[in-house]
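Below is one structure, written out as structure tokens; comments come after it.
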Amino acid sequence: MRWELPGGAIELVRGDITAQEVDAIVNAANAQLLPGGGVCGAIHRAAGPELAIACAEIGGCPTGQVRVTPGFRLPARYVIHAVGPVYRGTGEEAQLLASCYREALREAAARGLRSVAFPAISTGIYGYPLEEAARVALAAIADFLRRERPGLLVRMVLFGERDFEVHAAALRELRRAGDIT
Ligand code: APR
């Protein structure tokens, strides 16, 4: 599923983010930038041990922000580590989640990258409800592309069938609402 937007394109695919042939992949990291489970574990396994060393040198990252390392053994040149919010239902999580997408795209654009792949940040171990997270993520991506015009291909890589279907529905909804031309 792919939509051309002013300033780039949004693509939804099902699959494994570590196999994506893009300039950067985004990691759903923790604030300590330590290897973890989920997509973080998969990325560290695919990138090799140098990734954990590069992350340890950075030391940490606040929630809602990102830090960039090389991709090492990954096809992607960079890993953009984004620390998503743990979902607690406080109402604060949406702007922190949107910030992860916006800051990752800002870093990709600042490096003149042409393509970046995201997992569904916070929707696994961090417990963010999938439907709301999909709406927040896609609105943040579409808004960044429209405003900053970076000419970026933004690919959301969904691991499960339901993850893909929920994101596809959210993208159709955004388009119907006229948020996306
Ligand atoms: N490719 C793409 N998506 C994946 C992959 C993969 N190889 N593996 C898992 N996912 C999906 C999950 O199905 C989920 O939809 O990534 C999404 C994010 O889930 P988590 O990896 O659990 O990340 P998150 O919910 O943000 O929790 C972050 O988990 O692994 C730890 O160190 C990490 O502490 C941090 C926390």
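It should be emphasised that the depicted structure is a prediction, and the values quoted were computed from it without experimental measurement. Counting starts at 1 for both ligands and their atoms, following the listed order.
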* Asked: Can an N or O of Gly41 be found at a distance shorter than 3.5 Å from an N or O of ligand 1?
  -> no

* Asked: Should you measure from each heavy atom of Ala120, which atoms of ligand 1 turn up under 4.0 Å away?
  -> 17 (C), 18 (C)

* Asked: Say you draw a straight line from CG of Asn30 to CD1 of Ile125; how long is it, rounded to the nearest 0.5 Å?
  -> 9.5 Å

* Asked: Do Val39 and ligand 1 have an N or O pair less than 3.5 Å apart?
  -> yes

* Asked: What residue and heavy atom of the protein are closest to atom 36 (C) of ligand 1, and at what distance?
  -> Tyr126 CE1, 3.4 Å

* **From Ile10 atom CD1 to Phe118 atom CZ, the distance as rounded to the nearest 0.5 Å** => 10.0 Å

* Heavy atoms only: which of Val13, Ile17, Val26 is nearest to atom 1 (N) of ligand 1? -> Ile17

* Can you find a protein heavy atom under 4.0 Å from atom 33 (C) of ligand 1? -> yes

* Any salt bridge between Glu107 and Arg67, counting N to O under 4.0 Å? -> no

* With heavy atoms of Ala28 as the reference, note each atom of ligand 1 found under 4.0 Å away. => 23 (O), 26 (O), 28 (C), 33 (C)

* Structure fact -> ligand 1 atoms nearer than 4.0 angstrom to some heavy atom of Cys40 are 30 (O), 32 (O), 33 (C)

* Short list, please: which atoms of ligand 1 are under 4.0 Å from a heavy atom of Thr123? -> 14 (C), 15 (O), 17 (C), 25 (O)

* Might you point out which heavy atoms bring Thr18 and Pro75 nearest each other, and give the distance in Å? => O-CD, 3.4 Å

* Provide the number and element of each atom of ligand 1 under 4.0 Å from a heavy atom of Gly37. => 30 (O), 31 (C)

* Per atom 26 (O) of ligand 1, closest listed option by heavy atom (Cys100, Ala82, Ser122, Gly15) -> Ser122

* To do: Taking only Lys NZ, Arg NE, NH1 and NH2, and the carboxylate oxygens of Asp or Glu, determine whether Glu131 and Arg162 approach each other closer than 4.0 Å.
  => yes

* Identify the protein heavy atom lying closest to atom 22 (O) of ligand 1, giving its residue, its atom name and the separation to 0.1 Å. => Ile125 N, 2.8 Å

* Backbone or side chain, does any N or O of Gly124 fall under 3.5 Å from an N or O of ligand 1? -> yes

* Is there a nitrogen or oxygen of Thr18 sitting under 3.5 Å from a nitrogen or oxygen of ligand 1? -> no

* To do: Determine the sole option in Val26, Asp16, Ile25 for which the side chain to side chain contact (heavy atoms under 4.5 Å, CB included) test with Pro119 is passed.
  => Val26

* Taking both backbone and side-chain atoms of Ile121, is any N or O found less than 3.5 Å from an N or O belonging to ligand 1? -> no

* Asked: Between Ser115 and Leu153, is there a donor-acceptor pair closer than 3.5 Å when you use the side chain of the first and the backbone of the second?
  -> no

* Donor-acceptor pair, side chain of Glu93 and main chain of Gly91, under 3.5 angstrom -> yes

* Which ligand 1 atoms does Asp16 reach within 4.0 Å, using its non-hydrogen atoms? -> 1 (N), 6 (C), 7 (N)

* Heavy-atom nearest neighbour in the protein, as seen from atom 13 (O) of ligand 1, with distance rounded to 0.1 Å -> Phe159 CB, 3.7 Å

* Output the rest of the hydrophobic cluster of Val166: all Ile, Leu, Val, Met, Phe, Trp and Tyr residues reachable through side-chain heavy-atom contacts under 4.5 Å, sorted by chain and number. => Leu130

* Asked: Tell me the ring-ring contact (aromatic ring centres under 6.0 Å, His included) pairs involving residues 37-87, sequence neighbours left out?
  -> Tyr87-Tyr128

* **Heavy-atom closest contact (Ala98 atom, Val136 atom, distance)** => N-CG1, 3.7 Å

